[in-house]
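Data first, discussion second: the structure below is written as structure tokens.
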Amino acid sequence: MYNMKKVGMRGVFVIRIEDDFDLEKIADSGQCFRWQRDGDGFRIPFRDSLLFIRKVGPQDYEVDCTEEEFDSIWRPYFDLVRSYRAIRGKIKKKDDPVLFEAAKLGQGIRILKQDPWEMLITFIISQRKNIPAIRQAVEAVCRAAGKKKTAKDGTEWYMFPSAEEIASLSDEALASCRLGYRDKYVRAAAEAALRGEIDFRKLSALSHEDCLVELQKLYGVGIKVAQCVSLFGLHHLDAFPRDVWILRVLDEVYDGGKNYRFDAYAPYNGVMQQYLFEYYRNKNAREVSV
DNA sequence: AGGCAGGCTTTTA
DNA sequence: TAAAAGCCTGCC
């Protein structure tokens with residue numbers, strides 16, 4: 001799927017990605033909230049690693065890690081073993097012109113394989129917040145509880161905190177993250193994880209449906225958050241989170257969802273959800289701004 | 001029993 | 001001031 005060539009020392013090299021891959025669209029797609037723009041590229045934290053990546057050609061990207069790190073960490077993270085062009089090709093204009101248009105504009109979006117614990121806390125925090133507010137709150141939690149790291153080039157950043165680290169925060173420290181009523185959900189999730197009531201290694205062995213049931217046992221986790229954790233953290237690509245935007249498009253375009261062909265796009269309904277989400281959110285934003 | 005209204009903290013536009 | 005990648009509680 002991609003070829004690599006080294007262009008220098010210090011673990012900096014260029015990869016060629018020949019599939020759908022658009023950093024800007026992924027960054028704006030509402031699945032990741034810690035990417036930081038840096039010059040003409042992005043800094044991407046994931047577990048204990050920080051990647052700097054920037055586009056240097058139509059299909060070429062410079063990354064600041066070793067080939068081994070890219071293969072073991074970042075290739076799975078970006079889900080580069082899967083062809084999103086092929087998934088997009090399942091959509092026929094005559095069958096669904098709206099989804100076709102959404103996918104055309106959304107070409108380059110991928111479903112990242114993110115850390116499920118981070119996704120759980122992040123999407124608990126996301127409730128009734130817009131994307132800038134989610135970013136701010138998540139970063140506050142990382143600064144309050146996460147380990148401080150220094151990248152090779154001296155950049156300081158914070159890891160996403162573990163359950164232990166979140167549970168050990170004082171009420172005052174957690175309150176300083178300004179999560180509002182969600183802070184009790186976050187603490188409850190951390191304490192449930194410490195008691196072994198939520199274990200992502202066990203969860204990843206379950207079916208998508210069983211995952212949703214287990215996740216919704218957590219205080220403050222409903223169907224929407226459970227679907228997001230399943231899609232973005234457990235990489236169940238058929239998960240279909242219904243947020244306000246998706247409910248809106250299902251209502252306005254698909255007669256409340258009755259005319260949307262979930263069976264036609266299984267097991268990739270989650271990818272289609274991302275196209276529709278971006279399309280409808282941007283469409284609405286354009287209409288508002290005009 | 002399950003569907004629905006009201007409330008919830010804070011930020012953003 | 002309304003809305004924001006919702007969920008919980010209480011009521012019927």
Side-chain angles (χ1 to χ4, degrees), chain A residues 25-35 102 106 109-112 114-144 160 169 171-192 198 211-252 256-257 260 269-290:
Chain A
K25 289 181 189 171
I26 296 170
D28 288 336
S29 67
Q31 59 176 308
C32 48
F33 300 92
R34 298 201 66 208
W35 287 27
I109 294 175
R110 308 178 72 81
I111 307 294
L112 303 173
Q114 301 184 77
D115 180 76
W117 168 251
E118 178 174 343
M119 292 301 98
L120 174 63
I121 299 303
T122 296
F123 282 96
I124 287 174
I125 290 172
S126 78
Q127 297 178 30
R128 288 180 58 87
K129 280 184 180 291
N130 53 28
I131 288 175
I134 299 167
R135 287 186 207 284
Q136 173 171 309
V138 169
E139 207 56 36
V141 171
C142 293
R143 285 175 176 274
F160 193 87
L169 283 175
D171 285 339
E172 295 72 27
L174 189 56
S176 74
C177 299
R178 320 294 285 180
L179 305 183
Y181 65 93
R182 308 166 193 82
D183 58 7
K184 58 184 181 290
Y185 302 157
V186 168
R187 184 177 293 286
E191 290 171 352
I198 188 77
C211 278
L212 296 182
V213 171
E214 288 302 308
L215 287 165
Q216 286 177 95
K217 290 178 182 173
L218 297 168
Y219 182 49
V221 177
I223 185 60
K224 190 315 190 144
V225 171
Q227 295 268 18
C228 286
V229 175
S230 186
L231 179 58
F232 303 125
L234 297 164
H235 211 66
H236 290 148
L237 294 185
D238 213 30
F240 194 86
R242 293 169 190 245
D243 60 354
V244 291
W245 296 109
I246 292 296
L247 289 175
R248 228 168 266 174
V249 71
L250 286 178
D251 188 43
E252 293 176 15
Y260 182 80
N269 279 300
V271 181
M272 307 310 169
Q273 191 271 5
Q274 282 299 99
Y275 292 141
L276 288 173
F277 173 77
E278 264 306 277
Y279 175 66
Y280 225 62
R281 194 166 64 92
N282 289 332
K283 181 169 175 286
N284 185 277
R286 280 196 303 274
E287 285 169 359
V288 168
S289 66
V290 170

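The chains referred to below are lettered A, B, ... by the order of the sequence lines, with proteins before strands, and numbering in each begins at 1.
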Remember a base hit wins even if backbone is also touched, and classify [X] as base, sugar-phosphate or nothing at under 4.0 Å, heavy atoms.
| X | answer |
| --- | --- |
| Thr122(A) | nothing |
| Arg248(A) | sugar-phosphate |
| Glu278(A) | nothing |
| Gln227(A) | nothing |

Whole angstroms only, please: what is the [atom1]-[atom2] distance between [X] and [N]?
| X | N | atom1 | atom2 | value |
| --- | --- | --- | --- | --- |
| Arg182(A) | dG7(B) | CZ | P | 17 Å |
| Phe33(A) | dA4(C) | CZ | C1' | 12 Å |
| Ile124(A) | dA5(C) | CD1 | P | 18 Å |
| Phe277(A) | dA4(C) | CZ | P | 11 Å |
| Ile26(A) | dA5(C) | CD1 | P | 20 Å |
| Gln114(A) | dA5(C) | CD | P | 17 Å |
| Ile111(A) | dA5(C) | CD1 | C1' | 13 Å |

Any chance you could measure [X], atom [atom1], to [Y], atom [atom2], to the nearest 0.5 Å?
| X | Y | atom1 | atom2 | result |
| --- | --- | --- | --- | --- |
| Cys32(A) | Ile134(A) | SG | CD1 | 11.5 Å |
| Phe232(A) | Gln274(A) | CZ | CD | 4.0 Å |
| Gln31(A) | Glu278(A) | CD | CD | 9.5 Å |

Walk along nucleotides 6-12 of chain C from 5' to 3' and tag each nucleotide B, S or - by protein heavy-atom contact under 4.0 Å, base first, then sugar-phosphate. BSS----

Might you point out which heavy atoms bring Ile125(A) and Lys129(A) nearest each other, and give the distance in Å? O-CD, 3.3 Å

Tell me the closest heavy-atom pair linking Ile121(A) and Ala189(A), and the distance in Å.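 Shortest heavy-atom contact: CD1-CB, 3.9 Å.
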
Given that both pair distances must be under 3.5 Å and the pair must be Watson-Crick or G-U, what runs of three or more consecutive pairs involve DNA chain B? B:2-8 with C:6-12, B:10-13 with C:1-4

Output every pair passing salt bridge (charged side-chain N to carboxylate O under 4.0 Å, His left out) with a member in residues 212-234 of chain A, not counting sequence neighbours, ordered by first then second residue. Glu214(A)-Lys217(A)

Could you check Pro132(A) against Gly180(A) and say which one's nearest nucleotide on DNA chain B is further toward the 5' end? Gly180(A)

Option from Leu218(A), Thr122(A), Leu120(A) for which side chain to side chain contact (heavy atoms under 4.5 Å, CB included) with Val229(A) holds: Leu120(A)

Nearest-angstrom distance, P atom, dA13(B) to dG6(C): 16 Å

Provide the distance between the two P atoms, one in dA2(C) and one in dG7(B), to the nearest whole Å. 14 Å

For Phe240(A) and Phe277(A), I'd like to know if the aromatic rings sit close, meaning centre-to-centre distance below 6.0 Å.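 Between Phe240(A) and Phe277(A), the centre distance exceeds or equals 6.0 Å.
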
ring centroid sep under 5.5 Å plus plane angle under 30, Phe123(A) with dA5(C): no

Going by heavy atoms in the side chains, are Arg187(A) and Asp171(A) under 4.5 Å from each other? yes

